[in-house]
Amino acid sequence: MNHFKTTVLPFLLLFLSLQGSAQETAFPEHVGEIPFDSRKDDPHFTICNEKQVFQYYNTNSYYKDHKKEIVKYLLGHYEAEDNFGDQNGYLTIKFIINCKGETGRFRIFEIDDNYQPASFNKALSGQLLHLVKQLRGWQPAVYKGQIYDSYQHITFHMRKGKIISITP
Amino acid sequence: MKHLYLLLCCCMISIIGKSQLNCDAFTDSASVRACRLYNYAVTFYQGSRLNQQYLDSAVRVCPTLAEGWRALSVPYLKRGDFVSWRKYLDKAVELQPLKTLDVRGWCRFKFLRDYEGALTDLKRFDTLSGFAHRHTGDGTYSLYVVMALCERELGNYDAATYYFAKGIDSIFYTKGKDFIGLFDFLHRAVMKIKLRDYKGALADLEQEEKICKNYVEIPYYKGIVYRQQGKHQLAKEQFEEARRRFKEGFHLVDVYCEMQDAVYPSDIDEALSHSEL
């Protein structure tokens with residue numbers, strides 16, 4: 001009985017406390033995951049394993065090795081229009097590279113210079129999304145000889161409608 | 001010694017990043033309970049539902065637990081949701097600026113190349129901390145070198161020179177070369193090339209070679225200096241050495257972001273093609 005009080009009970013209380021507290025906010029299975037949305041996504045784009053999509057930083061990613069070429073393509077094809085002069089902030093395009101090296105499930109996140117939600121001119125965001133969708137040659141994540149689906153994002157820092165940096 | 005220092009630094013950061021809090025340090029029951037929730041949360045994969053839920057519970061039980069807010073923010077930063085990242089991290093900064101403002105400044109520099117914003121945070125942190133010499137969360141840089149890089153990228157070379165001096169020279173003379181960051185001399189050399197201080201750039205690249213042997217970027221930038229000086233044969237030799245190092249040596253790389261001044265194989269091919277004309 002003493003053993004129960006000194007060893008098992010504290011763990012039981014902690015467990016109950018944790019169980020009780022952990023129900024307050026709904027979080028996705030993984031932060032930043034992109035579930036399929038029939039209103040937005042190409043049904044022909046499939047991923048190998050919904051339950052195990054790597055992050056770009058989990059393995060050597062194609063993006064990191066080829067960033068120079070990717071940036072060259074994006075900067076070379078982006079055209080700032082006359083009415084983009086007041087467009088400032090950060091526009092992030094997030095997507096999945098599937099195990100075949102195809103890309104899909106694109107999502108756009110837009111913020112202003114103060115990191116508050118914002119909306120860029122649709123022509124600007126549409127142009128950047130189109131360019132990112134046009135990128136070819138992606139290679140899937142490889143870990144211990146196995147190929148995996150992975151998340152990637154590209155963030156454009158915009159100032160007066162011009163791209164001043166592309167990250168990560 | 002140099003590598004041992006950096007290894008220890010990285011290990012400490014790694015431990016701090018995932019370490020459990022000492023709940024005995026808290027005296028009130030809400031803080032102790034939040035601390036236990038936090039410690040339970042960090043046993044789960046970062047960014048997973050259970051990890052986030054338990055961290056969320058911890059800050060609900062004790063809204064002043066800055067570590068909880070900071071830990072909640074991290075996966076959003078890494079995964080490109082910067083609104084959520086700031087939402088959580090800003091609460092930690094409000095509560096404990098001395099432990100988190102430097103992190104926010106460094107991350108703005110690293111993940112978003114928000115040089116103005118990073119400088120604002122780091123200058124404020126510098127004042128708050130009484131000008132203490134601190135390093136980035138991953139141990140790569142002195143915060144003064146981060147500030148120098150921000151100023152350099154904004155084209156403010158006098159300010160960059162000032163911060164490089166604080167991050168490199170003051171450390172060199174007070175603590176010794178073993179305490180200088182791995183790539184500090186390289187970054188300053190690149191700025192000196194821009195300023196056409198070729199002698200100074202070569203001196204910094206020589207120092208860099210003593211700290212980081214066999215890195216691609218060192219001969220590449222030496223080659224750039226020689227090319228600018230019209231010493232084309234020497235430049236070609238350096239570019240060829242850079243190409244060799246890409247196969248057999250190391251290059252600037254970071255798991256999350258492209259590093260400033262990183263050189264790609266195509267840079268070397270292009271430099272060599274020019275030197276063969």
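Bear in mind the structure is a predicted one, so any value in this text is a computation, not a measurement. Residue numbers begin at 1 in each chain, while the letters A, B, ... track the order of the sequences.
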Could you check whether the rings of A:Tyr62 and A:His66 sit parallel, tilted or perpendicular, using 30° and 60° as the cut-offs?
parallel

Contact part of A:Arg159 toward chain B, heavy-atom cut-off under 4.5 Å: side chain, backbone, both or neither?
side chain

Check for me whether the distance between the ring centres of B:Tyr256 and B:Phe111 falls short of 6.0 Å.
yes

Counting heavy-atom pairs closer than 4.5 Å to chain A, which one of B:Leu55, B:Asp267, B:Leu112 comes out on top?
B:Leu112

Check this for me, if you would: do A:Asp149 and A:Arg105 make a salt bridge, where the nitrogen-to-carboxylate-oxygen distance has to be below 4.0 angstrom?
no

Under 4.5 Å, counting heavy-atom pairs only, tell me which of A:His153, A:Glu69, A:Gln116 racks up the most with chain B.
A:His153

The interface call for B:Glu116 against chain A, heavy-atom contacts under 4.5 Å, is side chain

Would you say A:Glu79 has more than 12 foreign heavy atoms packed within less than 6.0 Å of its CD?
no

Heavy-atom neighbours of A:Lys162 NZ exceed 12 at 6.0 Å
no

Checking heavy atoms, do the side chain of B:Lys110, its backbone, both or neither come under 4.5 Å from chain A?
neither

Please indicate whether A:Asn60 has more than 12 foreign heavy atoms, meaning atoms of other residues, nucleotides or ligands, lying under 6.0 Å from its CG.
no

When you compare the side chains of B:Asn51 and B:Ser48, does any donor N or O come within less than 3.5 Å of an acceptor on the partner?
no

Please determine whether a side-chain nitrogen of the Lys or Arg among B:Glu241 and B:Arg245 lies less than 4.0 Å from a carboxylate oxygen of the Asp or Glu.
yes

Side chain, backbone, both or neither: which part of B:Tyr264 has an atom under 4.5 Å from a heavy atom of chain A?
side chain

Side chain, backbone, both or neither: which part of A:Asn58 has a non-hydrogen atom closer than 4.5 Å to chain B?
side chain

So what's closer than 4.5 Å to chain A heavy atoms on B:Asp254: side chain, backbone, both or neither?
backbone

Measure distances from A:Gln55 to the heavy atoms of chain B and classify the residue's part below 4.5 Å as side chain, backbone, both or neither.
side chain

Note: vs chain B, highest number of non-hydrogen pairs under 4.5 angstrom among A:Tyr57, A:Tyr63, A:Tyr56 is A:Tyr57

Is chain B contacted by the side chain of A:Lys94, its backbone, both, or neither, given a heavy-atom distance below 4.5 Å?
side chain

Sulfur to sulfur, is the gap between B:Cys23 and B:Cys35 shorter than 2.5 Å?
yes

For B:Lys99, does the NZ atom have more than 12 heavy-atom neighbours from other residues, nucleotides or ligands under 6.0 Å away?
no

Where on B:Arg86 is there a heavy atom nearer than 4.5 Å to chain A: the side chain, the backbone, both, or neither?
side chain

If I measure from the heavy atoms of chain A, does B:Asp114 come under 4.5 Å with its side chain, its backbone, both, or neither?
both

Assert top hit (heavy-atom pairs under 4.5 Å, partner chain B, pool A:Phe109, A:Tyr90, A:Tyr151) equals A:Tyr90

Taking side chain as everything from C-beta outward and backbone as N, CA, C, O, which of these in A:Pro117 sits under 4.5 Å from a heavy atom of chain B? Side chain, backbone, both or neither.
both

With a 4.5 angstrom heavy-atom cut-off, could you sort out which part of A:His30 is near chain B: side chain, backbone, both or neither?
both

